[in-house]
Number of protein chains: 2
Amino acid sequence: MKATIYDIAKKAGVSIATVSRALGENRDKVKPETREKIYNICKELDYSPNSIAKYLAKKTTGSIGLVLPEIQGDFYTEIIKGVDEISYSGGYNLLVASSHSRRNIVESILGFMKESMVDGVVLMIPSMNKQIESILSKYQIPVVIISDMEGFDEYDKVSIDNYQGAYSITEYLIKTLGHTKIATICGPEENFDAQKRKKGYIDALKDAGLPIEKRWIVESDFTIKGGEIACSRLLSLKEKPDVIFAANDNMAAGCYNTANLLGYKIPEDLGVVGFDHVAFCDFLKPKLTTVHVQVSEIGRVSTNLLLERLSNKNKEDRPPKHLKISTGIIIGNSVIKKTTN
Amino acid sequence: MKATIYDIAKKAGVSIATVSRALGENRDKVKPETREKIYNICKELDYSPNSIAKYLAKKTTGSIGLVLPEIQGDFYTEIIKGVDEISYSGGYNLLVASSHSRRNIVESILGFMKESMVDGVVLMIPSMNKQIESILSKYQIPVVIISDMEGFDEYDKVSIDNYQGAYSITEYLIKTLGHTKIATICGPEENFDAQKRKKGYIDALKDAGLPIEKRWIVESDFTIKGGEIACSRLLSLKEKPDVIFAANDNMAAGCYNTANLLGYKIPEDLGVVGFDHVAFCDFLKPKLTTVHVQVSEIGRVSTNLLLERLSNKNKEDRPPKHLKISTGIIIGNSVIKKTTN
DNA sequence: CTGTTAGCGCCTTCAT
DNA sequence: ATGAAGGCGCTAACAG
């Protein structure tokens, strides 16, 4: 059986209150000698306080929850990693729950909230969900949202700067490479990242004085297959684009496949750029030009915000922060400079 | 303030014991009417039991811990996913701790164990660590080990069948494709997976009556860079191999890079096969022939074993199980049939 | 079928 | 500087 505070107290000839003090915040209110004695006995008995009991008494759990829409691909690994690192340094344990066939995002949140499992949660919301808002307002624990959505402004929010990333790479195609015939394959309409990326694309064209061709904006689903289909759609247009901006790398890879299949050479016959800079980009031939995202930074930043809130719990709250993680462009060989024909 | 069991009891005009019963294992020992009444009040007050308190009273936490050596790449995502799915279906929360710059594997384990945070742990051990054994034996909670190591036989162990995978793909190179000059790039010596893969390679050669060339066995570190260096080493030999079996896909990708750089064409001048079947394999040109591993299955299987143990806690223990997840070969275009010269 | 009561292990006033 | 005692919210005998 594991040693409890009583064992230590008895062996040290003091009361449990003293042991508790010697080990907690107010070490200094215990006479150095008895403190020392207690430490030694703790070591001897390999004692450490039972967190469950501690947290029951203190009304905090010492854990934070991370709610993910899914766990797939290294994007989520990076998020988890970032959150894990920071929560650890803050002395918190990390509980992870993701949606899958048997659990949706709402259940994940409720699981943490209702049962008081965590002191705060980092919540990733990829697309609209009405229930979430009412749930969050009902339970009063700190929440940081990872999402590029509008609304929820009373919460801390963190996301990559989808808009800026899309705008930049489109602008790069136009200004640096001289392209004018640029199509895009968007992500799912309800997905916030997809929305922002589309907007960045459109605004970059507008700002450059280029027309927005509806036929050159096709919606897809962020998968490779989806990219393949969308690409063949674009290539079958009478007026074909010279470059395709795929809203993520998966779909860009899909474009590679389709181009390959139909006999278009990248970058000569068709340029392709992506978004995310996932691991396989460097293995595509030719190397994909894409938008680089520091994913683990999202995890780190959001967790820092959460810990900030948690440590401030009683004091007056600071106003919510809304942060964007900036992006960069990775130049590959998947687009060439537009030749004046 | 959140409702407690007392609020429900008061409002229902019963004792807290009855409420507790109505909500717990022995629902049936409560009169249906009062049970119904209690349910309604719970809903009305949006009550759910505080897990922390519950677990203090029951001496179990309702959580399991997952200890990872690192979180990087989609290998770990798949593990987490598998564990998450199963632990959820078993009604357990999932705590994740991975090693990183500020925390090693031992600290991760101790974090869970000492503070009684979890009822059991899934522990991934990629390489030898002496401390682990003594720690595990000290704390008596169920542990399932994910590792292809020898020893620790008193614990449930799960791993992919590294040996079989390596043996099979080597045998495939020999018997199906007719190769005889096969080199290998191993992973780190202390890594268990690497050890088994090397052994599989060696035994397949032996069983086919082929000699083991020391020069054709080079150790590396499972990284792309490492694969590049090892490959150039092999290609600089006077007696060059025809095919390289890289012990993971990263290193296989490194071989692609080096081959490319030095002017060798894959598969004509050099064959390459890998291990793991990570996402980018399908994007390599030519497509990589590699060993497929069902990673999420590892997570699922090991968690199932853990839950099995947890549900049996008081009854007599079953003997430990040691399971291997079988592998398969993904045929790409990175090796050709040996032409009889 | 239901209520009473004693913990679970720790923290935290309130006294001393 | 230390001890005694009352919770935290819930479960689990033990009575009735």
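Chain naming here is simple, since letters A, B, ... match the order of the sequence lines and numbering starts at 1 in each. Atoms considered below: every heavy atom in the structure, side chains included; atoms not considered: hydrogens, waters and symmetry mates. Since the model is a prediction, treat every value here as computed from it, not as a measurement.
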Identify the heavy atoms of [X] and [Y] that sit nearest to each other, and give their distance.
{"X": "A:R102", "Y": "A:E107", "result": "O-OE1, 3.7 Å"}
{"X": "A:S147", "Y": "A:I125", "result": "OG-O, 2.8 Å"}
{"X": "B:I64", "Y": "B:S87", "result": "CD1-CB, 3.6 Å"}
{"X": "A:M117", "Y": "A:T61", "result": "O-OG1, 3.2 Å"}

How many Å lie between [atom1] on [X] and [atom2] on [N], as a whole number?
{"X": "B:M117", "N": "C:dG9", "atom1": "CE", "atom2": "P", "result": "16 Å"}
{"X": "B:D28", "N": "C:dC1", "atom1": "CG", "atom2": "P", "result": "8 Å"}
{"X": "B:L56", "N": "C:dC11", "atom1": "CG", "atom2": "C1'", "result": "12 Å"}
{"X": "A:E33", "N": "D:dT2", "atom1": "CD", "atom2": "C1'", "result": "13 Å"}
{"X": "B:L45", "N": "D:dG9", "atom1": "CG", "atom2": "P", "result": "14 Å"}
{"X": "A:K29", "N": "D:dG3", "atom1": "NZ", "atom2": "C1'", "result": "15 Å"}
{"X": "B:K2", "N": "D:dC8", "atom1": "NZ", "atom2": "C1'", "result": "14 Å"}
{"X": "B:K59", "N": "C:dC8", "atom1": "NZ", "atom2": "P", "result": "8 Å"}

Is any side-chain heavy atom of [X] less than 4.5 Å from a side-chain heavy atom of [Y]?
{"X": "B:Y92", "Y": "B:I86", "answer": "no"}
{"X": "A:I325", "Y": "A:V158", "answer": "yes"}
{"X": "A:D193", "Y": "A:P126", "answer": "no"}

Worksheet item: For DNA chain C, what residues of residues 4-24 of chain B have any heavy atom nearer than 4.0 Å?
Response: B:G13, B:V14, B:S15, B:A17, B:T18, B:R21
Discussion item. Check the phosphate of D:dA1 against A:T34, side-chain N and O only, distance under 4.0 Å to OP1 or OP2. Yes or no?
Written reply: no
Discussion item. Just N and O in the side chain of A:Y55: are any of them under 4.0 Å from OP1 or OP2 of C:dC8?
Written reply: no
Response to the item:
Any stem touching DNA chain C, meaning at least three consecutive Watson-Crick or G-U pairs under 3.5 Å, ordered by first number, would be C:1-16 with D:1-16
Practice prompt. Step by step, work out the side chain to side chain contact (heavy atoms under 4.5 Å, CB included) result for A:I8 and A:I38.
Written response: CA-CA 7 Å; A:I8 309 295; A:I38 290 174; 4.2 Å; yes
Worksheet item: Checking all strands, does A:K54 fall into the base, sugar-phosphate, or nothing category for heavy-atom contacts under 4.0 angstrom?
Response: sugar-phosphate
Practice prompt. Just call it for A:K31: base, sugar-phosphate, or nothing, with non-hydrogen atoms closer than 4.0 Å on any strand.
Written response: sugar-phosphate
Discussion item. By nearest heavy atom, map A:K58 and B:P32 onto DNA chain C; which one lands nearer the 5' end?
Written reply: B:P32
Item to complete: Give a yes or no answer on whether the side chain of B:H100 reaches the backbone of A:K81 with a donor-acceptor pair at less than 3.5 Å.
Response: no
